[in-house]
Enquirer: 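Before we start, here is the structure in question, set down as structure tokens.
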2 protein chains.
Amino acid sequence: MTNLVGDRSPISDSVGDYLKAIWTLGGGQPVSTSDLARQLGVSPPSVSGMLVKLNDSGLVDHERYHGATLTPGGTREALRLVRRHRLIELFLVNHLGYAWDEVHEEAEILEHAVSDQFVEHLDILLESPTHDPHGDPIPTADGALPETPDRRLTDTAAGARFRIFRLLAQDPVSLTELADLGLKPGVEVLMLETEEGDTLHLRLEDGEVSLSRELSNLIEGEPIG
Amino acid sequence: MTNLVGDRSPISDSVGDYLKAIWTLGGGQPVSTSDLARQLGVSPPSVSGMLVKLNDSGLVDHERYHGATLTPGGTREALRLVRRHRLIELFLVNHLGYAWDEVHEEAEILEHAVSDQFVEHLDILLESPTHDPHGDPIPTADGALPETPDRRLTDTAAGARFRIFRLLAQDPVSLTELADLGLKPGVEVLMLETEEGDTLHLRLEDGEVSLSRELSNLIEGEPIG
DNA sequence: CCACGAGATTAGTCATGCCTAAATTAAAGA
DNA sequence: TCTTTAATTTAGGCATGACTAATCTCGTGG
């Protein structure tokens, strides 16, 4: 028997959170101490201290005063957690009756608690999904990121130029507001180029809605030129 | 792992484990420091230290050198965890393809990680079950323990005297051995009074099997006189 | 009725991971 | 180049919960 618990993570919850935050914020580029502190909700000195440990343990490359990047090993761990997180979110929505904007916090905790066996059972139950309820890709067990399909569309009826945008799922409160408009990940959403004052006009599956500029910041992408 | 969500336990994982152990071992009677240490896999001094804290926090009554019992508040917390544990076990077996003797460790971890919302979603999914895969009763949300039905039977065919025994689900390894014999909780199992040397004869749903004396210790109850 | 031993508790550490306050460094503008 | 300041790191602590070694207590046998 390798591990009494069977097959649970060799790193602490906290370390996992750091790795995931560096992966999320960095995209390969160095991440600053203060950005990490903000993302993780801890003080900058706490981050400094942890980065020293992560550097020593070979999960992170960190040079004093010059930010942190993930090593290959650190990247592997981060993707392992992202996979867990996204599979759990999808499970909560598809099988446990959660709304898609309620699952993040639950997954944030459970991703550290479940065993590898649990994750693979989930993968089977969900039939090896490639994307989570927010539309984000689910890394495979060996750390590959599925392509997120290009959602650009050539238009149809009106002849207007527009494209499908992808929701940036960050702030639960605003996400709830968007959901109230019928705007949620997975739903086909076209954004017209036209703007009038402080609102954008969106074409959803059934009809159009308006969107305040503030909320429109939650949508990423550029209109087709 | 504290209470940022608003929905998660006010006590630490560790405290929960202590309360559950006192509940399990004590049955209302005082539990000794060393029994607790053995059950929890920690040293007796660790238990001594924790019992002082639990006593101060009002979850446990503990008098130096004279064992610990749960207060009403401590009992409530313990039952809350037992409910989680058993619902999770049942879920793992019914929906995630675990074998009934594989679920204990997973539940031991998850019971501390899931939110109240998760537990109630589980309860709905499982249709408010009263017993877990080991045949143990699942406390209700308000801490009541469902009656475990009396499984005594008057006999049928052979005229022999026997009764149904209940499996004591403790040791995973032996449970696996029992399962290999077709003997598992929920399956109708009659134990004949006859003994020959080192084996007992059991009547299962389809046919009879023999059981070594060692394994028979995992079965509780007395034959009908 | 007292000494002994098993079991319990105290004393003193350690590891994690967080904090605030006080330096230090890098990098930009004068 | 030099100053300034924002970002970062160091220094020093705290809480939790575990450990070992040493000491104490209760209950029992002599």
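The sequence lines fix the lettering, A, B, ..., with proteins before strands; numbering per chain opens at 1.
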Enquirer: Give a yes or no answer on whether the side chain of A:Asn55 reaches the backbone of A:His62 with a donor-acceptor pair at less than 3.5 Å.
Expert: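 Yes, the answer is positive, given that a donor and an acceptor are paired below the 3.5 Å cut-off.
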Enquirer: If you check every side-chain atom of A:Met50, which of C:dC18, D:dT16, D:dA7 has the closest atom?
Expert: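 When the side chain of A:Met50 is considered, C:dC18 is the closest of C:dC18, D:dT16, D:dA7.
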Enquirer: Out of C:dT10, D:dT9, D:dA18, which has the shortest distance to the side chain of B:Tyr18?
Expert: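 Closest nucleotide among those given: D:dA18.
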Enquirer: The side chain of B:Val42 is closest to which nucleotide in this list: D:dC24, D:dT9, D:dC19?
Expert: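 Comparing D:dC24, D:dT9, D:dC19 against the side chain of B:Val42, the answer is D:dC19.
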Enquirer: In terms of side-chain heavy atoms of B:His66, which of D:dG27, D:dA18, C:dG17 is nearest?
Expert: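 Nearest nucleotide to the side chain: D:dG27.
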Enquirer: On DNA chain C, nearest-nucleotide positions of A:Tyr65 versus A:Ser46: which is more 5'?
Expert: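 Final value for this comparison: A:Ser46.
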Enquirer: Salt-bridged, A:Arg38 to A:Asp35, with N to O below 4.0 Å?
Expert: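 Salt bridge present between A:Arg38 and A:Asp35.
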Enquirer: Rounded to the nearest angstrom, tell me the gap between atom CG in A:Leu19 and atom C1' in C:dG17.
Expert: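 Rounded to the whole Å, the gap is 15 Å.
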Enquirer: Over all strands shown, is A:Ser48 touching base, sugar-phosphate only, or nothing at heavy-atom distances under 4.0 angstrom?
Expert: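 Base contact.
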Enquirer: Within this structure, what is the CZ-to-P distance between A:Arg38 and D:dT8, rounded to whole angstrom?
Expert: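 So the two atoms are 9 Å apart, to the nearest Å.
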Enquirer: Using whole Å, report how far CG of B:Leu40 lies from P of D:dG17.
Expert: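 Going from B:Leu40 (CG) to D:dG17 (P), I get 13 Å.
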Enquirer: Less than 4.0 Å between a side-chain N and a carboxylate O, is that true for B:Glu77 and B:Arg80?
Expert: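 B:Glu77 and B:Arg80: salt-bridged.
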Enquirer: Can you measure A:His112 atom NE2 to C:dT16 atom P for me and round it to whole angstrom units?
Expert: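 Checked: the NE2 to P distance equals 18 Å.
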Enquirer: Measure from the side-chain heavy atoms of A:Ser14 and tell me the nearest of C:dG17, D:dC19, C:dA26.
Expert: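 Per side-chain heavy atoms of A:Ser14, the pick is C:dG17.
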Enquirer: Does the separation of the ring centres of A:His121 and B:His95 fall below 6.0 angstrom?
Expert: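 Aromatic pair excluded; centres sit 6.0 Å or further apart.
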Enquirer: Compare the minimum distances between each of D:dG17, C:dG7, C:dG17 and the side chain of B:Ser34, then state the nucleotide with the smallest one.
Expert: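 In terms of side-chain proximity for B:Ser34, the closest of D:dG17, C:dG7, C:dG17 is C:dG7.
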Enquirer: Indicate, with a heavy-atom threshold strictly under 4.0 Å, whether B:Ser43 touches base, sugar-phosphate, or nothing.
Expert: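 B:Ser43: base contact, heavy atoms under 4.0 Å.
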Enquirer: From the list C:dA8, C:dG17, C:dC18, which nucleotide is the closest neighbour of the side chain of B:Thr33?
Expert: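 Given the options C:dA8, C:dG17, C:dC18, the side chain of B:Thr33 is closest to C:dA8.
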Enquirer: Roughly how many Å is it from NZ in A:Lys53 to C1' in D:dT9, rounded to a whole number?
Expert: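 Distance, rounded to whole Å: 15 Å.
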Enquirer: Rounded to whole Å, how long is the line connecting atom CD of A:Glu63 with atom P of C:dA26?
Expert: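 So the two atoms are 10 Å apart, to the nearest Å.
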Enquirer: Tell me whether the side-chain N/O atoms of B:Ser12 come closer than 4.0 Å to OP1 or OP2 in D:dT16.
Expert: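 No, no such contact exists.
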Enquirer: Can a salt bridge be assigned to the pair B:Lys20 and B:Glu108 using a cut-off of 4.0 Å between side-chain N and carboxylate O?
Expert: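 Salt bridge present between B:Lys20 and B:Glu108.
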Enquirer: Between C:dT16 atom C1' and A:Leu54 atom CG, what is the distance in whole Å?
Expert: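 After rounding, the reported distance stands at 13 Å.
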Enquirer: Output the single nucleotide from C:dT10, C:dC18, C:dA21 whose closest atom is nearest the side chain of A:Pro45.
Expert: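 Nearest to the side chain of A:Pro45 among the choices is C:dA21.
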Enquirer: Rounded to whole angstroms, how far apart are CG on B:Asp56 and P on D:dT16?
Expert: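 The distance from CG of B:Asp56 to P of D:dT16 comes to 12 Å, rounded to the nearest Å.
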